[in-house]
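What follows is one structure encoded as structure tokens, with my remarks underneath.
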Amino acid sequence: MIAQFGPSLVRGQTARAASPIFGVTIPDRYRDWKMIAVAHEEGLDELRGVLGNDVAVKAYQQGTLPFPDGTILVKLAWKHVPLEGLDGAFVTGAATTVQVMVKDATKYAATGGWGFGRFVDGMPVDEMQHRTCLPCHEAHVRDHDLVFTRFAR
């Protein structure tokens, strides 16, 4: 179950359950945002959906890089479960994580302008796991403003 928290104090974010290092929270009403893309991560056997706020959607539609401040991306992940009776068909299973990226070039200047949050059952994972976010993004998507997700048309 994904936790829903109280009123926003900062645009798109709440005061509870903030990630270590970055202070990122799960945004209010993010499940109402538009779909950016879906993905499958085989090693983790997960299905993933990436949602974006209005700033993110506009940037994707216009091909804007780097992404503007105020961009928020939320990745939802679930175990992928075979659909019985339909060989090769899968549906979402148990939720595994909610991951959040927030663009604020001033606040997150030391991390390429992005703040990161990874949550399990609505609670942030530990600091050590958050320390792995930036190195991975830098190693693989430096040329795409540290964002893996491409706009699915």
Side-chain angles (χ1 to χ4, degrees), residues 1-8 10-61 63 65 67 70-103 108 111-112 114-153:
M1 177 103 194
I2 296 169
Q4 297 296 318
F5 302 112
S8 293
V10 177
R11 184 176 173 202
Q13 296 192 338
T14 58
R16 293 183 45 201
S19 67
I21 305 169
F22 303 100
V24 169
T25 61
I26 297 174
D28 291 332
R29 297 176 299 282
Y30 71 91
R31 293 295 295 254
D32 294 331
W33 294 358
K34 291 185 179 177
M35 177 69 68
I36 301 296
V38 296
H40 173 248
E41 185 150 337
E42 194 168 311
L44 297 174
D45 199 27
E46 290 182 343
L47 297 173
R48 295 172 170 203
V50 177
L51 308 175
N53 68 354
D54 290 340
V55 177
V57 171
K58 183 177 179 182
Y60 272 107
Q61 289 172 335
L65 281 179
F67 288 90
T71 297
I72 305 175
L73 301 170
V74 176
K75 178 175 22 178
L76 306 167
W78 305 268
K79 286 296 182 185
H80 98 305
V81 178
L83 189 57
E84 194 172 325
L86 288 174
D87 191 31
F90 299 89
V91 295
T92 56
T96 59
T97 62
V98 174
Q99 297 175 44
V100 182
M101 288 180 70
V102 176
K103 183 70 179 263
Y108 303 117
T111 53
W114 290 99
F116 300 89
R118 184 169 185 260
F119 303 84
V120 174
D121 293 327
M123 298 304 297
V125 297
D126 63 28
E127 182 175 331
M128 186 171 62
Q129 289 185 57
H130 280 89
R131 290 196 182 279
T132 68
C133 297
L134 181 62
C136 181
H137 285 250
E138 284 183 322
H140 299 287
V141 286
R142 182 179 292 269
D143 64 341
H144 197 254
D145 194 21
L146 304 179
V147 177
F148 283 96
T149 304
R150 303 307 195 263
F151 195 43
R153 297 186 185 272

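Between H140 and F148, the ring planes are tilted. Angles from 30° to 60° get that label. Using cut-offs of 30° and 60° for the angle between ring planes, the F22 and H130 rings count as tilted.
What you find for L44 and K79 is that their closest heavy atoms are O-NZ, 2.7 Å. Here the shortest heavy-atom pairing between R31 and L51 reads CA-CD1, 4.1 Å. Contact between M35 and G49 at its shortest, heavy atoms only, is SD-CA, 4.3 Å. Taking every heavy atom of both residues into account, G93 and V81 meet most closely at CA-CG2, 3.5 Å. Taking all atoms of both residues into account, the shortest heavy-atom contact from V24 to G115 is CG2-C, 3.6 Å. Taking each heavy atom of A18 and P124 in turn, the nearest pair found is O-CG, 3.3 Å.
Atoms CH2 and NE2, on W114 and H137 in that order, are 9.5 Å from each other to the nearest 0.5 Å. For the atom pair CZ of F116 and CE of M101, the computed distance is 4.0 Å after rounding to the nearest 0.5 Å. For the atom pair N53 CG and D32 CG, the distance stands at 12.5 Å (nearest 0.5 Å). Going from atom NE2 of H40 over to atom CG of D45 covers 5.5 Å, rounded to the nearest 0.5 Å. Here the OG1 atom belonging to T111 is positioned 11.5 Å from the CZ atom belonging to R131, to the nearest 0.5 angstrom. Here L76 contributes atom CG and E46 contributes atom CD; the two are 11.0 Å apart, rounded to the nearest 0.5 Å.
Within 6.0 Å of NZ in K58 there are 12 or fewer heavy atoms belonging to other residues, nucleotides or ligands. The number of heavy atoms from other shown groups lying within 6.0 Å of CD (E127) is above 12. Taking a 6.0 Å sphere around CG of D126, one finds it holds more than 12 heavy atoms contributed by other residues, nucleotides or ligands.
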Using side chain to side chain contact (heavy atoms under 4.5 Å, CB included), reason through L146 and L134 one step at a time and then give a plain yes or no.
CA-CA 8 Å; L146 304 179; L134 181 62; 3.8 Å; yes
Given I72 and V100, is the side chain to side chain contact (heavy atoms under 4.5 Å, CB included) satisfied, shown in steps?
CA-CA 7 Å; I72 305 175; V100 182; 4.0 Å; yes
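Looking at F90 and L83, their side chains never come closer than 4.5 Å, going by heavy atoms from C-beta outward.
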